[in-house]
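The shown structure was predicted, so the numbers you read here are calculated from the model rather than taken from an experiment. Counting starts at 1 for both ligands and their atoms, following the listed order.
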Amino acid sequence: MTIYRGRFAPSPTGPLHFGSLLAAFGSWLLARHAGGEWWVRMEDLDPPREVAGAARTQLATLEAFGLHSDAIVEWQSRRSAFYQAALQRLLEQGEAFECHCSRSELAANGGIHRACVGNTRRADPAVRLRVAEGTVVTFEDQLQGRFSQDVAGEVGDFVLRRADGLWAYQLAVVVDDAAQGMTDIVRGADLLDSTPRQILLQQALGLPTPRYLHLPLIVDGNGRKLSKSDAALPIDADAPLPALDAAWRALGQDPASLRGSTDAASLLAASVASFMPSRLPRAASLSTAALHNTTDTNAV
Ligand code: GLU
């Protein structure tokens, strides 16, 4: 019986950067530490945002780093039928509805949807999940502690299928995490505020809620998310050791334990042997400046 199964689920919007490596390595370490499995899933749901070749490059980089998936890599672009089935169920249950609101109508409401205001029917309605007034979701994050969100007030009815016909991340991730039997979701803290929506969807679909652990988001000296800033340098697939070593430190681990590792495989073996989850930084973000300036991790 598998008691721990985790995953790394990149979107192919560019090469892996240091922040994505942290999520990959961190989720891998936690899975291995628990004696569990670690799977890779490609979240290629959004062709307009996709960069040609990025998925293959990401997978090649993970391989070069010795981070091998325990299962064949699943591609979300091939799983529409499963998302459609989940959507159909939510529509039939009356929990999802077609939304004919225009962008400007939504903008007038601060982007938050509570009730359809439009009088005109669109040929291409989005489909949203109804979030009842007063819906607050609280969960215990394994690292960040208790997290609570007023989903009705802060998010509103959220999109499951977009007006352009593309599947929303929230629906696909919930369907796939359950279909793949994921017990533990480890990812960056930028997704902390997506988790309550995912828990609502799990409840609506009768799916189990996995454990969640959100690692600190890596930000640049100005506090901007790495992937959105100039510091989003791709990591070098030809030189895994420095990047893995930097990620190890960012995960709050003892730099001394990896000394003497000569290749990715020996570094990973040493890392599993000395990984201490209790040293993971309990911070929502970590600055690259702090990582450069110290030998140990500084939470910001
Ligand atoms: N594909 C998402 C991303 O790259 C991550 C999804 C997840 O880990 O839940 O931001």
Residues Arg41 and Glu43 bridged, charged N to O under 4.0 Å: yes
Residues Asp176, Arg79: salt bridge by 4.0 Å N-O rule: yes
Heavy-atom closest contact (Gly252 atom, Pro281 atom, distance): N-CD, 4.0 Å
Ring geometry between Phe275 and His33 (parallel below 30°, tilted from 30 to 60°, perpendicular above 60°): perpendicular
Arg130 to Phe97, cation-pi by 6.0 Å centre distance and 45° axis angle: yes
Test salt bridge (Lys or Arg N to Asp or Glu O under 4.0 Å) applied to Arg7 and Asp177, step by step: CA-CA 9 Å; Arg7 83 316 191 260; Asp177 282 337; 3.0 Å; yes
Sorted by chain and number, the residues that approach ligand 1 to under 4.0 Å with a heavy atom: Arg7, Ala9, Pro10, Ser11, Glu43, Tyr169, Val173, Arg187, Leu191
